[in-house]
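Everything on this sheet refers to the single structure shown next.
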Amino acid sequence: MNPEVARFIERQHNPKFELIEAHFGHPVPNALKALYKDTSQLDERDFTITIMSSDGARQWFIGDFSPIDEESLKFFPGFEKYLEIANDASEGLYFIDPTQPDPEVLYFDMESYEVTPCGAALSVFLTAPRRPGYPEEEET
């Protein structure tokens, strides 16, 4: 296995919730803790979820879930109060406000520097049905 991939998986499978909680001064949301306990879900990669809202359905592509550790505390300017939880394997990251018990998930496009609410709380986002591969209609 590639050493960088092995290091990523090691970090991903050993979240440092206590460090994140101390940094933000709040408990990590329970839905996030549950995800990182279930390594079968945590290890899924390259899948699409669909979030239903009053505006209709929106598809979101997840490349993989982010490690939760001291390196997670390196921020983009303006994102100091957020925690990265996943990426889209391209130019996008998913963030939450870890001071909220069930925060809304936000999508950050690094190319445009735009933030888009995903239309779901973390608990809904993490338990949405998963389909392998990219979105069928529009890419996120």
Ignoring hydrogens, what is the shortest heavy-atom contact between [X] and [Y]? Give both atom names and the distance.
{"X": "T48", "Y": "Y134", "answer": "OG1-C, 3.1 Å"}
{"X": "A86", "Y": "I62", "answer": "CB-CG2, 4.1 Å"}
{"X": "F61", "Y": "P135", "answer": "CB-CD, 3.8 Å"}
{"X": "I96", "Y": "P98", "answer": "O-CD, 3.2 Å"}
{"X": "P101", "Y": "P29", "answer": "O-CB, 3.4 Å"}
{"X": "Y82", "Y": "F24", "answer": "O-CZ, 3.7 Å"}

Which salt bridge (Lys or Arg N to Asp or Glu O under 4.0 Å) pairs, counting each pair once, include a residue from [range], with sequence neighbours left out?
{"range": "residues 119-129", "value": "none"}
{"range": "residues 66-77", "value": "R7-E71, R11-D69, R11-E71"}
{"range": "residues 13-34", "value": "E21-K33"}
{"range": "residues 98-121", "value": "none"}

Taking side-chain contact (heavy atoms from CB on, under 4.5 Å) as the definition, give me every residue that meets it alongside T50, ordered by chain and number, with sequence neighbours left out. M52, A57, Q59
Flag the pair [X] / [Y] as yes when at least one side-chain heavy-atom distance between them is below 4.5 Å, and no otherwise.
{"X": "L126", "Y": "F65", "result": "yes"}
{"X": "R58", "Y": "T116", "result": "yes"}
{"X": "L35", "Y": "I85", "result": "no"}
{"X": "S72", "Y": "S66", "result": "no"}
{"X": "I51", "Y": "V105", "result": "no"}
{"X": "Y36", "Y": "V28", "result": "no"}

For [X], what residues pass the side chain to side chain donor-acceptor pair (under 3.5 Å) criterion, not counting sequence neighbours?
{"X": "N14", "value": "E10"}
{"X": "S40", "value": "D38"}
{"X": "T99", "value": "D97"}
{"X": "H13", "value": "D43"}

In terms of relative ring orientation, are Y113 and F108 parallel, tilted or perpendicular, with 30° and 60° separating the classes? perpendicular
Using 30° and 60° as the class limits, which term best fits the ring planes of Y94 and F125: parallel, tilted or perpendicular? tilted
Donor-acceptor pair, side chain of E84 and main chain of L93, under 3.5 angstrom: no
Same hydrophobic cluster for [X] and [Y], using side-chain heavy-atom links shorter than 4.5 Å among ILVMFWY?
{"X": "I9", "Y": "I68", "answer": "no"}
{"X": "Y107", "Y": "F47", "answer": "yes"}
{"X": "L42", "Y": "F8", "answer": "no"}

For E4, does the CD atom have more than 12 heavy-atom neighbours from other residues, nucleotides or ligands under 6.0 Å away? no
Atom pair CD (E44) and OG1 (T39), whose distance is rounded to the nearest 0.5 Å: 11.0 Å
